[in-house]
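Everything numeric here is computed off the predicted structure, so don't read it as measured data. When a ligand or atom number is given, it counts from 1 through the structure's own listing order.
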Amino acid sequence: MFDKVLIANRGEIALRIQRACKELGIATVAVHSTADADAMHVRLADESVCIGPPAAAESYLNIPRLLSACEITGADAVHPGYGFLSENARFAEILEEHQITFIGPTSEHIQVMGDKIEAKETAKKLGIPVVPGSDGAVTSEPEAMKVAKAMGFPVLIKATAGGGGRGMKVAHTAADLGLALSTARAEAKAAFGNDAVYMEKYLTKPRHIEIQVFGDGQGNAIHLGERDCSLQRRHQKIWEEAPSPALNAEAQKEIGDTVAEAMRELNYRGAGTVEFLYEDGEFFFIEMNTRLQVEHPVTEAITGIDLVLEQIRVASGAQLVHRQSDITFSGHAIECRINAENPRTFRPSPGQITYWHPPGGLGVRVDSGVYQGYRIPPYYDSLIGKLIVHGKTRNECLMRLRRALSEFVIDGIETTIPLFNDLILQPDIVNGLYDIHWLEKYLAKS
Ligand code: MV4
């Protein structure tokens with residue numbers, strides 16, 4: 001097992017990782033920018049290193065500075081959390097070259113899944129159902145037209161270096177195709193320095209359902225069920241739940257077993273998320289994330305498995321202790337993302353938290369890196385906490401969520417709490433009847 005882990009992140013996820021390290025008896029190193037000197041992740045770590053000015057490019061994303069911090073402190077492993085360098089294959093590779101363990105998959109697996117065409121080809125070869133579309137990249141308009149006519153409009157053009165919705169363009173008819181193709185390529189070039197694009201049949205009303213997987217890189221892999229993350233605005237998830245209100249146990253087992261078998265064939269190591277669109281009872285692979293996700297606690301709630309602790313264990317060379325037959329799903333969990341934002345416009349609301357009273361009680365978990373008096377800096381993501389509620393049934397979970405939201409008091413800044421207070425009153429939310437467009441439509445009409 002490791003002696004000392006450097007956590008290359010900030011906020012609630014840095015604390016989450018510290019907690020797992022503490023339980024394993026591993027010393028922790030926090031890194032921080034000058035803007036985060038007063039952050040909780042710095043205060044609670046065994047050691048801390050200031051790695052640069054506020055801009056992420058000069059601190060949390062700066063590989064040479066992180067390597068220096070490893071060297072100064074003698075850390076033998078790095079946990080990247082989510083965001084920042086968590087899916088940077090080059091970072092994982094450099095750490096490997098320096099005999100520092102990257103707590104995550106191999107750099108090769110990160111690389112493959114980072115290229116969306118390669119990811120999709122890999123998924124398809126492994127027997128995972130994918131969205132119908134072009135065979136690899138599409139380079140010319142005549143070629144695009146041939147593909148589109150073969151599968152029928154509407155079609156979607158996606159950047160191979162993309163993900164998270166950037167560089168995507170819909171063509172509803174043949175007349176739209178030329179412009180959609182050139183705009184998608186130009187946007188992809190500007191955003192990622194790579195103008196390669198591919199095409200898919202555009203699904204008009206899917207749900208976003210993702211499967212949590214876990215492997216040990218020694219031939220063992222399992223799935224931990226799904227999360228429904230359909231409630232999003234501009235590709236930012238705000239509410240995630242498990243199990244999905246749209247699936248039954250048989251559908252869950254079928255897709256889960258398919259994905260787990262694929263991960264065994266890949267010899268995948270660590271936590272991963274296989275993302276699907278789900279429409280009319282069918283699953284279509286879109287992407288795979290090779291990191292821990294913000295919404296991992298809903299899976300922890302219904303499986304009782306500590307995902308971060310298991311990440312650290314398998315990274316240190318241990319085998320998975322859980323077999324698929326050991327995994328049972330218990331009850332229902334919902335996560336609400338508490339962002340320092342205006343609850344209608346989602347405009348960031350940095351500033352000082354003058355009062356902080358988180359909810360508690362049975363089935364309630366709050367993961368946060370803030371405290372009363374803390375000043376939220378304007379430089380980073382606006383997520384300041386996550387409220388995760390667990391109940392025996394979805395109804396009990398919703399009941400507890402209403403209660404927990406009513407207890408939560410945050411003064412001094414705007415937060416997304418009022419939005420959740422509205423959402424839990426909507427019949428479609430209560431009944432679990434929502435797709436990926438539901439939230440934007442709701443916000444437009446209310
Ligand atoms: C799609 C799609 C419809 N059809 N692919 C958006 C982000 C990226 N991860 C994939 N995305 C989509 N891919 C096909 N073939 C619709 C979306 C999409 C979406 C997906 C998940 C959650 C929210 C979304 C919001 C808009 C579009």
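- Close approach of ligand 1 to Lys158 (heavy-atom distance below 4.0 Å) involves ligand atoms 1 (C), 5 (N), 10 (C), 13 (N).
- Taking a cut-off of under 4.0 Å to the non-hydrogen atoms of Lys201, the atoms of ligand 1 that pass are 4 (N), 14 (C), 15 (N).
- Phe153 has its ring centre no less than 6.0 Å from the ring centre of His172.
- Between Glu414 and Arg347 there is no salt bridge, since no side-chain nitrogen of the basic residue lies less than 4.0 Å from a carboxylate oxygen of the acidic one.
- Side-chain N or O atoms of Lys205 include none that pairs as donor or acceptor with a backbone N or O of Glu279 at under 3.5 Å.
- Under the 6.0 Å cut-off for aromatic ring centres, Phe276 and Phe284 do not qualify, their centroids lying 6.0 Å or more apart.
- Salt bridge annotation for Glu335-Lys237: absent, with no cationic side-chain nitrogen under 4.0 angstrom from a carboxylate oxygen.
- Heavy atoms of Thr204 found under 4.0 angstrom from ligand 1: none, in either backbone or side chain.
- Ranking protein heavy atoms by distance to atom 6 (C) of ligand 1, first place goes to His235 CE1, 3.4 Å.
- Taking every heavy atom of Leu156 and a limit of under 4.0 angstrom, the matching atoms of ligand 1 come to 1 (C), 2 (C), 3 (C), 4 (N), 5 (N), 13 (N), 14 (C).
- Within ligand 1, the atoms closer than 4.0 Å to a non-hydrogen atom of Leu277 are 1 (C), 2 (C), 3 (C), 4 (N), 5 (N), 13 (N), 14 (C), 20 (C), numbered from 1 in the order shown.
- Atom CD1 of residue Ile13 and atom CD of residue Gln293 lie 10.5 Å apart, to the nearest 0.5 angstrom.
- A centroid separation of 6.0 Å or more is found between the aromatic rings of Tyr434 and Tyr442.
- Heavy atoms of Met168 approach ligand 1 to within less than 4.0 angstrom.
- Every atom of ligand 1 is numbered from 1 in the order shown, and the set under 4.0 Å from a heavy atom of Glu287 is 8 (C), 9 (N).
- For atom 16 (C) of ligand 1, the nearest non-hydrogen atom of the protein is Ile436 CD1, 3.8 Å.
- Numbered from 1 in the order shown, with element, the atoms of ligand 1 that lie under 4.0 Å from a heavy atom of Ile286 read 10 (C).
- Applying the 4.0 Å criterion to heavy atoms of Gln232 picks out, from ligand 1, the atoms 22 (C), 23 (C).
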